[in-house]
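Please read the structure below before turning to the comments.
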Amino acid sequence: MLKINNLSVFYGGIHALKGVSLNVEQGQIVSIIGSNGAGKSTLINSISGIVKYKEGEIFYKGEKLSKQAHKIVKSGICQVPEGRIIFANLTVMENLRMGSFLRSDTNGIDKDLNRIFDLFPILKEREKQVAGTLSGGEQQMLAMGRGLMSNPDLILLDEPSLGLAPLLINTIFDIIIEINNMGKTILLVEQNAFKALSIADYAYVLEQGIITMEGNANELIKNEKIKEAYLGKK
Ligand code: ATP
């Protein structure tokens, strides 16, 4: 569904991604794990059109992906950004509606809104609340809900566990599985390697802009090098 060939990204003199190649098959959850500064956000932002790349190619559903953010959203890809960026002064409902701004299928929009409220009942309870006053976990749910309002086929999730309490992290990851069960393909970027590998089909390890390891997530989670570097093995 998504194929990245030899992607390189420079920020001035900093070579943030050095020839990254990866594949995401339809229906999968694919995780990219890596420590701070490895290039995870840069990778996600390159797919969603936020970061411009000069070298490499991205194919989506067999065709070369546009580099323009609105065309990328239209083609069925949405990003839930790191730091759960939401519109703080708008209500929960207004934020969710913003997610569907490129759509005109009113029936589909209403249907998706109801599905999101089923997935995140707290958002229904808080629909009139100003988003900036939500808790961190609720804001993460709102950012995910807003992403789903574009009715994407592929969801790019950047560090959904960031800054959340352990119990809430479990809830968020359970919801990611539910979203995947709804038929959405998921590319997940995470520092929480254990959670990311626990729910993924396939995973890549990104270190200083290079993919250093890849494999089935249930095998990587048992790998000694990964245990040592990312899973806090004593
Ligand atoms: P984290 O988990 O800390 O968010 P990351 O794996 O997502 O890290 P990136 O944010 O992609 O890493 O950053 C990769 C490298 O590129 C880092 O060295 C970072 O300092 C650098 N970088 C990122 N954005 C910019 C920018 N706009 N200008 C210059 N350098 C940047």
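Whatever order the structure lists ligands and atoms in, that order sets their numbers, starting from 1.
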Original post:
Excluding sequence neighbours, so at least two apart, what forms salt bridge (charged side-chain N to carboxylate O under 4.0 Å, His left out) with Lys61?
Top reply: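 Salt bridge (charged side-chain N to carboxylate O under 4.0 Å, His left out) list for Lys61, sorted by chain: Asp153.
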
Subject >> Residue list, salt bridge (charged side-chain N to carboxylate O under 4.0 Å, His left out) with Lys128, at least two apart or on another chain >> reply: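 In terms of salt bridge (charged side-chain N to carboxylate O under 4.0 Å, His left out), with neighbours along the sequence ignored, Lys128 is linked to no residue.
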
**OP:** Please list, by chain and number, the protein residues whose heavy atoms come under 4.0 Å of ligand 1.
**Re:**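 Ligand 1 is contacted, at a heavy-atom distance under 4.0 Å, by Tyr11, Ile14, Ala16, Ser35, Asn36, Gly37, Ala38, Gly39, Lys40, Ser41, Thr42, Glu82, Glu159, Gln191.
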
Subject >> Check ion pair Lys124-Glu127 (N to O, under 4.0 angstrom) >> reply: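 A salt bridge links Lys124 with Glu127.
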
Subject >> Arg115/Asp112 salt bridge by N-O under 4.0 Å criterion >> reply: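 Here Asp112 pairs with Arg115 in a salt bridge, since their nearest N and O are under 4.0 Å apart.
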
Subject >> side chain to side chain donor-acceptor pair (under 3.5 Å) partners of residues 196-213, not counting sequence neighbours, each pair once >> reply: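 Sorted result for residues 196-213: Tyr202-Glu214, Glu207-Thr212, Glu207-Tyr230.
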
Subject >> Donor-acceptor contact present, side-chain Asn216 to main-chain Asn218, <3.5 Å >> reply: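 No, Asn216 side chain to Asn218 backbone: no donor-acceptor pair under 3.5 Å.
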
